[in-house]
Undergrad: 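The structure's right below; bear with me while I get my questions together.
If you're wondering where the values come from, they're calculated on a predicted model, not measured in any experiment.
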Amino acid sequence: MALDDGKGVWKSGRGKGRKTPKGRQVSDSALAELRALLGDRPRRRDLLIEHLHLIQDARGHLPADLLRALAEEMGLSQAEVFEVATFYAHFDVVKEGETPPPALTIRVCSSLSCAMAGAEALREALARGTDPAQVRVLHAPCMGRCDLAPTAQLGRRHIDRATPEAVLAAVEAGLTEPELPRWQDLAAYRAEGGYETLLALRAGARTPEQVQDALLEAGLRGMGGAGFPSGRKWSFVRAEPGPRYMAVNADEGEPGTFKDRALLESTPHTVLEGMLIAAWAIEAERCFFYLRDEYPAALEILRREIAALEEAGLIAPGHVELRRGAGAYICGEESAMLESIEGKRGLPRHRPPYVAQRGLWGRPTLVHNVETLHWTTRICREGPQVLNGVERNGRRGLRAFSVSGRVKRPGVHLLPAGSTIRDVIEAAGGMQDGHVFKAYQPGGPSAGILPASIDDAPLDFDALDAHGTFIGSAAIVVLSDKDRIRDAALNMLRFFEEESCGQCTPCRVGCEKAVKLMEAPRWDAPLLEELCQTMADASICGLGQAAPNPIRLALRHFADELDAEG
């Protein structure tokens, strides 16, 4: 007797025969629509997020029937597809019977620099000036355009130094696609000697060990915030058996940071050549370039230039895969980024093992930040002295400072690594008229807030340890006498509350409780310190471990300003 002929094999109610398995069914129409969207793209597990983007871009949301069809097409459980889709902020999952969001979404950045520039008033004005049935107005975390605050994003187009009038005019004109800046393309880059270094290395001009030694001599450290010596990473990965992979972390989600965007939108090939040099050094089988979804212009530039590299024969087709994030700050943590590249939720991994030992698909993986790769190219081309030949206050090297807030010329400023906050403010044109320097954020919200009185400390790796903070990604936000420290610190903790991945209780619950305590008329300092200690000691990754810094430094330096009426 055939299995399907047996009584009770498919049960429904009191032994009645069932024609379908239990659970939500996949409709033929949804499956046909999905297959038309995917075309001949591979159905690999690691492309799940890319396929979710295809649906979101086409429909403006993720209908439940298409998610079921996607699970069927990719051979995944529906639960797995739904948990990934609901993890990322830029995906709008619409269940059966729910009303889809409006066709147009306006996101208004709510992070510190934009908040100081009037983002909340902008959001309220846009909400009043639009029909909620046609336009959805949301607040959003940092978009990496702090020098152009306040910023709004209309579809995938940014409106910088936004006013209600400018945003509404863009809505009326239907301007929803990114505006591409001028950048140095492959032809212009090669005309200046670009990729000659890479080709020479491939031809045997130097060994990987010699290039690694040059990076160490230059003093290059990870510019994404961790500051680990870059050359040493290469030796760790090369010591592991292949296959090996290369991953570029372009998910600079730390509020106040935008230096990587500036590089990718102007000279992308200094970064791409650095990536290919590093991949050559570790004999990487493939490279994965992970870019945050808040950078649609950079995404299009990279698509074009990677295709140009393939056409020029500098890389084999498919050697470099461009991956698009989906709105999750936690994916800036390297192991969470690797999870996302594999098509999963961006949950940080426990360490050890480290990603240099077991990274993508359990294989050794070299992870570098965008600015780190830019300097890799320059060191290989110009020699270690391009960095170690610059000295200030006993510190060697150069730093690209992302500077925003109450300065006249916000932007990326390249300065000696030993520069102080006074040097940074001077390079940024000084304080805005009518503003007196009061405090500064030295390395994004993870670094907290320092008072203006600490103005002689070199803004470099390890130099701020004595002050209970760090330089991180050199995201400098300058505050003035017109800003309240209480409001700034609360802004930072609200960001962490929203961006916690939720994996560990100390961070997930701790950030929420911290926000509630900080919203009280008077801060309970002993209770806040107890909470901070628990979060710092017990959180899995750097988000929960560093989230207490704004609280601790505000209590240390600005205790007299923390009452609601202060």
Undergrad: Do the side-chain N and O atoms of His269 and Trp183 include a donor-acceptor pair separated by under 3.5 angstrom?
TA: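 Side chains of His269 and Trp183: no pair found under 3.5 Å.
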
Undergrad: Give me the atom names and distance for the closest heavy-atom approach of Ala149 to Ser113.
TA: CB-O, 3.7 Å

Undergrad: Could you tell me how the ring of Tyr329 sits relative to the ring of Phe496: parallel (under 30°), tilted (30 to 60°) or perpendicular (over 60°)?
TA: tilted

Undergrad: Are any of the side-chain nitrogens in Arg324 or Asp57 under 4.0 Å away from the carboxylate oxygens of its partner?
TA: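 Judged by the 4.0 Å cut-off on N to carboxylate O distance, Arg324 and Asp57 do form a salt bridge.
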
Undergrad: Does some side-chain heavy atom of Leu112 sit less than 4.5 Å from a side-chain heavy atom of Met116?
TA: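 Side chain of Met116 against side chain of Leu112, heavy atoms only: contact under 4.5 Å found.
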
Undergrad: Spell out, as yes or no, whether a donor-acceptor pair under 3.5 Å connects the side chain of His139 to the backbone of Ala119.
TA: no

Undergrad: Any chance the side chains of Glu192 and Gln184 put a donor and an acceptor closer than 3.5 Å?
TA: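 The criterion, which ignores hydrogens and geometry beyond distance, is satisfied for Gln184 and Glu192.
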
Undergrad: Decide yes or no for Cys146 and Val477: does some side-chain heavy atom of the first lie under 4.5 Å from some side-chain heavy atom of the second?
TA: no

Undergrad: Where do Val271 and Leu264 land on the side-chain contact (heavy atoms from CB on, under 4.5 Å) test, with the steps shown first?
TA: CA-CA 8 Å; Val271 180; Leu264 295 175; 4.2 Å; yes

Undergrad: Is the closest basic N to carboxylate O distance between Arg35 and Asp40 below 4.0 Å?
TA: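 Looking at Asp40 together with Arg35, the answer is no, because their closest N to O distance does not fall below 4.0 Å.
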
Undergrad: Side chain of Arg232, backbone of Pro229: donor and acceptor closer than 3.5 Å?
TA: no

Undergrad: Taking only Lys NZ, Arg NE, NH1 and NH2, and the carboxylate oxygens of Asp or Glu, determine whether Glu339 and Arg345 approach each other closer than 4.0 Å.
TA: no

Undergrad: Would you say Glu120 has more than 12 foreign heavy atoms packed within less than 6.0 Å of its CD?
TA: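 Result for CD/Glu120: enclosed.
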
Undergrad: Do the non-hydrogen side-chain atoms of Val248 and His368 ever get within less than 4.5 Å of each other?
TA: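 No, too far: nothing below the 4.5 Å cut-off.
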
Undergrad: Would you compute the distance between atom OG of Ser110 and atom CE of Met143 and round it to the nearest 0.5 angstrom?
TA: 8.0 Å

Undergrad: Could you tell me whether a side-chain N or O of Glu333 sits under 3.5 Å from a main-chain N or O of Ala336, the two making a donor and an acceptor?
TA: yes

Undergrad: Is the number of heavy atoms from other residues, nucleotides or ligands under 6.0 Å of Glu300 CD greater than 12?
TA: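 Counting other residues, nucleotides and ligands, CD of Glu300 exceeds 12 neighbours.
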
Undergrad: Show the numbers, then the answer: is there a salt bridge (Lys or Arg N to Asp or Glu O under 4.0 Å) between Glu196 and Arg381?
TA: CA-CA 9 Å; Glu196 290 180 6; Arg381 182 186 300 167; over 6 Å; no

Undergrad: Walk me through it: do Leu366 and Arg244 pass the test side-chain contact (heavy atoms from CB on, under 4.5 Å)?
TA: CA-CA 8 Å; Leu366 175 65; Arg244 308 181 190 94; over 6 Å; no

Undergrad: Minimum heavy-atom separation for Cys287 and Met275, please, with both atom names.
TA: CB-SD, 4.0 Å

Undergrad: Atom CG in Leu360, atom OG1 in Thr365: separation rounded to 0.5 Å?
TA: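 Going from the CG atom of Leu360 to the OG1 atom of Thr365 covers 4.0 Å.
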
Undergrad: Find out whether the Lys NZ or Arg CZ of Arg292 is both under 6.0 angstrom from the six-membered ring centre of Tyr295 and within 45° of the ring's axis.
TA: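 Because its charged atom sits under 6.0 Å from the ring centre and within 45° of the axis, Arg292 does stack over Tyr295.
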
Undergrad: Kindly give the heavy-atom pair with the smallest separation between Pro442 and Thr469, and that separation in Å.
TA: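 Minimum heavy-atom separation between Pro442 and Thr469: CG-OG1, 3.9 Å.
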
Undergrad: Given Ser446 and Phe470, is the side-chain contact (heavy atoms from CB on, under 4.5 Å) satisfied, shown in steps?
TA: CA-CA 9 Å; Ser446 299; Phe470 47 83; 3.8 Å; yes

Undergrad: Is there a salt bridge (Lys or Arg N to Asp or Glu O under 4.0 Å) between Arg44 and Glu321 once you walk through the steps?
TA: CA-CA 13 Å; Arg44 299 197 319 261; Glu321 291 195 30; 3.5 Å; yes

Undergrad: In plain terms, say whether Arg136 and Asp92 are close enough for a salt bridge, that is, a side-chain N and a carboxylate O under 4.0 Å apart.
TA: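 The answer is yes: the pair qualifies as a salt bridge.
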
Undergrad: Kindly state whether the ring of Phe91 and the ring of His61 have centres lying under 6.0 angstrom apart.
TA: no

Undergrad: Does a donor on one side chain and an acceptor on the other come within less than 3.5 Å for Arg157 and Thr176?
TA: no

Undergrad: Can you check whether Cys142's main-chain N or O pairs, donor with acceptor, with Ser111's side chain at less than 3.5 Å?
TA: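 Yes; at least one donor-acceptor contact below 3.5 Å.
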
Undergrad: So, Glu498 and Arg494, do they make that salt bridge, N to O below 4.0 Å?
TA: no

Undergrad: Relative to the ring of Tyr245, is the ring of Trp361 parallel (under 30°), tilted (30 to 60°) or perpendicular (over 60°)?
TA: perpendicular

Undergrad: Are Phe228 and Arg221 close enough that some pair of their side-chain heavy atoms sits under 4.5 Å apart?
TA: no

Undergrad: Does the Arg261 side chain pair with the main chain of Gly144, one donor and one acceptor, at a distance under 3.5 Å?
TA: yes

Undergrad: Can you find a heavy atom in the side chain of Ile106 that is under 4.5 Å from one in the side chain of Ile159?
TA: no

Undergrad: When you check the gap from the basic side-chain N to the acidic O, do Arg45 and Glu80 get nearer than 4.0 Å?
TA: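 Yes, charged N to carboxylate O under 4.0 Å.
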
Undergrad: How about CZ on Arg156, more than 12 heavy atoms from neighbouring residues, nucleotides or ligands closer than 6.0 Å, or not?
TA: yes

Undergrad: In Å and rounded to the nearest 0.5 Å, what is the CD1 to CD distance from Ile341 to Glu50?
TA: 10.0 Å

Undergrad: Do the side chains of Glu342 and Arg349 get close enough for a salt bridge, i.e. N-O under 4.0 angstrom?
TA: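 Judged by the 4.0 Å cut-off on N to carboxylate O distance, Glu342 and Arg349 do form a salt bridge.
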
Undergrad: How many angstroms lie between CG in Leu186 and CD1 in Ile306, if you round to the nearest 0.5 Å?
TA: 12.0 Å

Undergrad: Applying salt bridge (Lys or Arg N to Asp or Glu O under 4.0 Å) to Arg68 and Glu72, what does each step give before you reach the verdict?
TA: CA-CA 6 Å; Arg68 291 196 295 271; Glu72 176 77 12; over 6 Å; no

Undergrad: Check the surroundings of atom CD in Glu83: do more than 12 heavy atoms from other residues, nucleotides or ligands lie under 6.0 Å from it?
TA: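 Counting neighbours around CD of Glu83, more than 12 heavy atoms of other residues, nucleotides or ligands fall under 6.0 Å, so yes.
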
Undergrad: Answer whether the closest heavy-atom distance between the side chains of Phe87 and Ile49 falls below 4.5 Å.
TA: no

Undergrad: Hey, does His51 have a side-chain heavy atom less than 4.5 Å from the side chain of Leu38?
TA: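 Heavy-atom side-chain distance check passes, below 4.5 Å.
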
Undergrad: Atom SG of Cys380 and atom CD1 of Ile277: how far apart are they, to the nearest 0.5 Å?
TA: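 Reported to 0.5 Å precision, the distance equals 4.0 Å.
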
Undergrad: Could you tell me whether the side chain of Trp234 reaches within less than 4.5 Å of the side chain of Leu215, counting heavy atoms only?
TA: yes

Undergrad: Decide yes or no on side-chain contact (heavy atoms from CB on, under 4.5 Å) for Leu415 and Leu398, but give the supporting numbers first.
TA: CA-CA 6 Å; Leu415 298 171; Leu398 292 166; over 6 Å; no

Undergrad: Would you name the heavy atoms of Ala247 and Leu338 that are closest together and state the gap between them?
TA: CB-CD2, 4.0 Å

Undergrad: Using a strict cut-off of less than 4.0 Å between a Lys/Arg side-chain nitrogen and an Asp/Glu carboxylate oxygen, indicate whether Asp46 and Arg323 qualify as a salt bridge.
TA: yes

Undergrad: Any carboxylate oxygen within less than 4.0 angstrom of a Lys/Arg side-chain nitrogen, looking at Arg351 and Glu334?
TA: yes

Undergrad: Would you kindly say whether Ser473 and Glu252 are connected by a side-chain donor-acceptor distance under 3.5 Å?
TA: no

Undergrad: Hey, could you give me the OG1/OH distance between Thr270 and Tyr189, rounded to the nearest 0.5 Å?
TA: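 Taking OG1 in Thr270 and OH in Tyr189, the distance rounds to 6.0 Å.
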
